[in-house]
**Q** 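One structure is given below, represented as structure tokens, and several questions about it will come after.
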Protein chains: 2
Amino acid sequence: MDANPVFKALADATRRKLLDRLRASNGQTLGELCEPLDMSRQAATKHLVILENAGLVVAVWRGREKLHYLNPVPIHEIYERWIGKFERQRLRALHDLKKQLEDPS
Amino acid sequence: MDANPVFKALADATRRKLLDRLRASNGQTLGELCEPLDMSRQAATKHLVILENAGLVVAVWRGREKLHYLNPVPIHEIYERWIGKFERQRLRALHDLKKQLEDPS
DNA sequence: GTTACATGCAACCATTTGGTTGCATAATGC
DNA sequence: GCATTATGCAACCAAATGGTTGCATGTAAC
């Protein structure tokens, strides 16, 4: 997996909002997704394409409608391969701090 | 916390590399950090300022040297407040899939 | 005190990003 | 069939991004 497109896709607040809205209600059409955003349909489409290219959203056609589904796997992989390392470092630091407070010699 | 600067900071491969290098060896000077990058010192400085503004890096001065320390807390908060929600959705989907495979009625 | 070193600051530049508008295409409904 | 609806495609634009270079400043070393 190439993590860079995923990080790039997550860097925009509008795109994170789209993911949040898909998490709340999966399988929405393009029209449903971009209706509450205060930007043009075409702008929202561009964001969704970026999310699709990152693998975060999968779209299927039903007639003239395009249904969008959330794919949480890339976010999971980011966590597993990258964020997890920093979590372990953080927990180690907390542990060391605790030891230091218990035995300030 | 404002999550947006953190996501933005993580969106660049050079900055993620800097965080990785700080995780491997904390407290490095600016010179040490930007030496192995194939860009000018000033370019690397800009990246470090972005990391500092996002709270991911904390710098302290020692004489004429600026020492950089990793702060894993913002990454932890991103995980807690945002990624965790998608993880729960992912685990639920896996669980449903498992049930479906066990009882395909 | 002078030289060298570590870093900051500012101007500048090309590319990317995030938005717009206008028009095209294909499926649906009457 | 024809109007409507859902979406795609392309050109264009302003602002942000990521880089450069040149010079300034403060600390360390001799």
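Both backbone and side-chain heavy atoms feed into the values below; hydrogens, waters and symmetry mates do not. First the proteins, then the strands, lettered A, B, ... as listed; each starts at 1. What you see is a predicted model; the values in this text were computed from it and never measured.
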**Q** Atom CE of A:Met39 and atom C1' of C:dT21: how far apart are they, to the nearest Å?
**A**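 Result: 16 Å.
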**Q** I want to confirm an ordering. Mapping A:Arg41 and B:Leu30 to their closest nucleotides on DNA chain C, which one lands closer to the 5' end?
**A**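 Final value for this comparison: B:Leu30.
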**Q** Does B:Ser40 place a side-chain N or O at less than 4.0 Å from the phosphate oxygens OP1/OP2 of D:dT20?
**A**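 Yes.
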**Q** Whole angstrom is fine here: how far is it from NE2 in A:His47 over to C1' in C:dT16?
**A**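 The distance from NE2 of A:His47 to C1' of C:dT16 comes to 14 Å, rounded to the nearest Å.
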**Q** What is the distance, to the nearest angstrom, from the CD atom on A:Glu35 to the P atom on D:dT5?
**A**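 Checked: the CD to P distance equals 15 Å.
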**Q** Using whole Å, what does the distance between atom P of nucleotide C:dG8 and atom NE2 of B:His68 come to?
**A**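 Computing the B:His68:NE2 to C:dG8:P distance gives 7 Å.
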**Q** Might you point out which heavy atoms bring A:Arg21 and A:Pro36 nearest each other, and give the distance in Å?
**A**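 Answer, listing the atom of A:Arg21 first, then A:Pro36: NH2-CG, 3.1 Å.
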**Q** Measure from CG on A:Leu10 to C1' on C:dG18 and round the result to the nearest Å.
**A**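 From A:Leu10 CG to C:dG18 C1': 17 Å.
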**Q** Picking from D:dT20, C:dT20, C:dT7, which would you name as closest to the side chain of B:Ala43?
**A**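 Per side-chain heavy atoms of B:Ala43, the pick is D:dT20.
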**Q** Applying salt bridge (Lys or Arg N to Asp or Glu O under 4.0 Å), run through B:Asp12 and B:Lys17 and close with a yes or a no.
**A** CA-CA 9 Å; B:Asp12 185 88; B:Lys17 194 175 190 177; over 6 Å; no
**Q** Is a donor-acceptor pair below 3.5 Å formed from side chain B:Arg64 to base C:dT7, judging by atom type as modelled?
**A**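 Side chain to base: no pair below 3.5 Å.
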**Q** Taking atom P of D:dT20 as reference, at what distance in whole Å does atom NZ of B:Lys46 sit?
**A**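 So the NZ-P distance, B:Lys46 to D:dT20, works out to 9 Å.
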**Q** Suppose we call a contact any N or O donor and acceptor under 3.5 Å apart; does that hold for the side chain of A:Gln42 and the base of C:dG22?
**A**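 Yes, a donor-acceptor pair under 3.5 Å.
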**Q** If hydrophobic clusters are built from ILVMFWY residues whose side chains come within less than 4.5 Å, do A:Leu37 and A:Leu67 share one?
**A**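 Shared cluster, no.
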**Q** For B:Trp61 and for A:Ile50, find the nucleotide of DNA chain C with the closest heavy atom, then tell me which residue's nucleotide is more 5'.
**A**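 The residue mapped nearer the 5' terminus is B:Trp61.
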**Q** Kindly give the heavy-atom pair with the smallest separation between B:His68 and B:Ala59, and that separation in Å.
**A**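 Taking every non-hydrogen atom into account, CD2-CB, 4.1 Å.
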**Q** Can you tell me how far C1' of D:dT20 sits from CG of B:Leu37, to the nearest Å?
**A**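 Those two atoms, CG and C1', are 16 Å apart.
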**Q** Can you name the closest pair of heavy atoms from A:Arg15 and A:Ala9 and give their distance?
**A**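 Heavy-atom minimum between the residues: NE-O, 2.9 Å.
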**Q** Assess whether one donor atom and one acceptor atom, taken from the side chain of B:Glu65 and the base of D:dG26, lie less than 3.5 Å apart.
**A**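 Looking at the base of D:dG26, it does not pair with any donor or acceptor on the side chain of B:Glu65 (distance under 3.5 Å).
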**Q** Closest-nucleotide mapping onto DNA chain D: is A:Gly31 or A:Lys8 further toward the 5' terminus? I mean the 5' end.
**A**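 Per heavy-atom nearest nucleotide, the more 5' residue is A:Gly31.
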**Q** Hey, does A:Arg15 reach any base, or is it just sugar-phosphate, or nothing, if we go heavy atoms under 4.0 Å?
**A**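 The answer is sugar-phosphate, as A:Arg15 gets under 4.0 Å only of primed atoms, P, OP1 or OP2.
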**Q** If only side-chain N and O atoms of B:Lys66 are considered, is one of them under 4.0 Å from the OP1 or OP2 phosphate oxygen of C:dG8?
**A**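 So the side chain of B:Lys66 is within the cut-off, an N or O lying under 4.0 Å from OP1 or OP2 of C:dG8.
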**Q** Without decimals, in angstroms, what is the distance between A:Leu33 CG and D:dA6 P?
**A**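 Whole-Å distance recorded here is 13 Å.
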